[in-house]
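Each remark here refers to the structure printed beneath this line.
Heavy-atom basis, side chains included; hydrogens, waters and symmetry copies ignored.
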Amino acid sequence: MNILVLNGRPKGERSNTLKITKAFLDGVSSKQSHNINIVNISEKDVQHCRGCFACWTKTPGKCVIKDDMGELIEQYARADLIIWSFPLYCFGMPSKIKAFLDRMLPTNLPYMRINEDGICNHPSRYDLSHQRYVLISTCGFCSVKNNYDALLCQFEIMFGDKLTKIICPEGELFSIPQLEGKTSEYLYYAKLVGQEFAEYDRFSEHTQNKLSELMYPPDVFVQMANASWKINEASENKDQNDRSGIAGIVVCSPYPF
């Protein structure tokens with residue numbers, strides 16, 4: 001199976017979301033090897049769509065912009081499983097991977113059709129009926145409700161019942177080594193759903209529920225998250241106070257370690 005991972009995190013390999021994605025990939029590959037290609041979108045030359053529609057008229061299927069998108073579209077079309085991996089940015093996806101999505105326009109045909117359900121859209125230029133899609137995303141909030149509504153709606157419209165999701169609030173915890181006891185448990189279940197996906201083409205209800213559980217209660221997480229910003233503010237105040245000869249104020253973190 002050809003697996004294409006679209007890592008949309010601007011930090012590339014330092015992505016918290018990518019840690020979950022790699023655990024999922026370990027599970028998928030635990031019983032059978034696959035051709036896995038991880039693309040760090042932040043490192044690619046992906047310019048913004050100009051809206052010229054030349055890919056539909058003058059050069060059908062080919063964008064006139066000479067950057068990395070031509071090769072990426074070829075990889076996308078060949079993939080059997082596409083994993084969209086990125087953190088939540090302003091109720092959506094980071095701008096660079098949004099540009100990637102916009103530049104997928106050449107993969108559609110210009111004419112429109114009305115489906116049996118009354119939905120009007122553009123048919124695909126390629127036969128992508130073999131493809132499956134997994135959305136893996138983290139955020140710095142402690143809830144999915146309201147924060148992910150727009151993004152999930154977009155992906156469900158694009159991929160329908162071929163979409164599977166791992167949505168992880170409290171994702172910033174993966175960057176704190178002292179909390180590995182909690183985060184490693186989450187990664188265990190991410191690997192387990194990878195095994196399930198490879199074997200059954202779906203997640204079990206039990207494992208999906210485990211991935212939907214918060215690592216810390218909302219009030220505890222909010223306290224920890226807010227304290228981290230206070231620490232930064234205290235550090236800045238300390239630098240300023242030290243320069244003025246005034247002792248800085250140290251704010252203790254309530255992280256449970």
Side-chain angles (χ1 to χ4, degrees), residues 1-26 28-29 34-52 54-55 61-108 124-126 128 131-141 147-148 150-159 162-169 171-172 174-175 187 190 194 197:
M1 180 166 60
N2 291 322
I3 302 175
L4 175 63
V5 179
L6 301 171
N7 177 21
R9 174 64 158 148
K11 291 183 179 180
E13 291 291 328
R14 294 183 292 125
S15 166
N16 289 324
T17 310
L18 192 60
K19 295 176 182 179
I20 301 175
T21 300
K22 287 184 175 180
F24 177 81
L25 290 171
D26 286 344
V28 171
S29 303
H34 301 283
N35 179 28
I36 301 174
N37 181 21
I38 299 178
V39 176
N40 294 322
I41 297 296
S42 63
E43 300 173 1
K44 295 296 182 179
D45 180 14
V46 178
Q47 300 179 37
H48 292 282
C49 178
R50 301 173 185 173
C52 65
C55 61
K62 301 291 183 181
C63 182
V64 296
I65 301 174
K66 305 303 179 183
D67 59 6
D68 291 332
M69 274 305 299
E71 179 184 353
L72 291 175
I73 286 177
E74 291 180 3
Q75 294 176 16
Y76 190 98
R78 290 196 302 265
D80 302 300
L81 173 62
I82 297 172
I83 301 176
W84 296 76
S85 173
F86 55 80
L88 186 73
Y89 271 38
C90 296
F91 308 105
M93 64 187 75
S95 59
K96 193 72 176 284
I97 198 165
K98 178 57 167 64
F100 169 90
L101 181 59
D102 292 342
R103 291 286 306 283
M104 291 292 291
L105 188 65
T107 66
N108 290 331
S124 175
R125 188 180 296 273
Y126 304 98
L128 304 179
Q131 289 187 341
R132 292 294 306 274
Y133 310 90
V134 176
L135 170 62
I136 302 178
S137 181
T138 63
C139 72
F141 296 112
N147 297 314
Y148 271 101
L151 181 67
L152 294 181
C153 183
Q154 179 180 16
F155 269 74
E156 288 163 2
I157 289 172
M158 290 192 299
F159 303 126
K162 292 187 175 184
L163 175 68
T164 308
K165 305 178 287 290
I166 300 177
I167 306 299
C168 177
E172 292 300 316
F174 287 94
S175 63
L187 295 178
F197 186 87

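Distance SG/Cys168 to CD1/Ile136: 10.5 Å, rounded to 0.5 Å. Within the model, atoms OG1 of Thr107 and CD of Glu74 stand 13.0 Å from one another, a figure rounded to the nearest 0.5 Å. To the nearest 0.5 Å, atom CG of residue Leu105 and atom CZ of residue Arg50 are 13.5 Å apart. For the atom pair CD1 of Ile83 and NZ of Lys22, the computed distance is 12.0 Å after rounding to the nearest 0.5 Å. Between Asp67 atom CG and His48 atom NE2 the span is 11.0 Å, to the nearest 0.5 Å. Interatomic distance, Arg9 CZ to Asn16 CG, rounded to the nearest 0.5 Å: 6.5 Å.
Between Arg103 and Val46, the closest heavy-atom pair is NH1-C, 4.3 Å. Leu88 and Cys139 make their closest contact through CB-CB, 3.7 Å (heavy atoms, listed as atom of the first residue, atom of the second, distance). Residues Gly61 and Pro106 approach most closely at O-CB, 3.6 Å, considering heavy atoms.
Looking at Tyr133 and Lys165, their side chains never come closer than 4.5 Å, going by heavy atoms from C-beta outward. With a 4.5 Å cut-off on side-chain heavy atoms, Arg132 and Val134 do not count as touching. Two residues are said to be in side-chain contact when any heavy atoms from C-beta on lie closer than 4.5 Å; Leu81 and His34 fail this criterion. Here the side chains of Pro169 and Phe141 are not in contact, with every heavy-atom distance at 4.5 Å or above. A 4.5 Å side-chain heavy-atom check between Lys44 and Met69 finds every atom pair outside the cut-off.
Residues Ser85 and Thr17 have side chains that never bring a donor and an acceptor to within less than 3.5 angstrom of each other.
Tested against Thr138, the residues Ile166, Ile167, Leu18, Ile20 include a single side-chain contact (heavy atoms from CB on, under 4.5 Å) partner, Ile20. Exactly one residue among Val28, Asn35, Ile36 makes a side-chain contact (heavy atoms from CB on, under 4.5 Å) with Met1. That residue is Val28. The only member of Leu25, Leu4, Thr21, Leu6 that meets side-chain contact (heavy atoms from CB on, under 4.5 Å) when paired with Ile38 is Leu25. For the side-chain contact (heavy atoms from CB on, under 4.5 Å) with Phe86, the qualifying choice from Lys96, Lys98, Met93 is Met93, the only one to do so.
Asn2 contributes no side-chain N or O that, together with a main-chain N or O of Asp80, makes up a donor-acceptor pair within less than 3.5 Å. Not a single donor-acceptor pair under 3.5 Å links the side chain of Asn40 to the backbone N or O of Asn7.
Ring geometry, Tyr76 versus Phe100: the interplanar angle falls from 30° to 60°, so the pair is classed tilted. Ring geometry for Phe159 against Trp84 counts as tilted: the plane angle lies between 30° and 60°, on a 0 to 90° scale.
More than 12 non-hydrogen atoms from other residues, nucleotides or ligands lie less than 6.0 angstrom from NZ of Lys162.
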Item to complete: Go through Ser137 and Tyr148 one step at a time and tell me if the side-chain hydrogen bond (donor to acceptor under 3.5 Å, both in side chains) criterion holds.
Response: CA-CA 10 Å; Ser137 181; Tyr148 271 101; 2.8 Å; yes

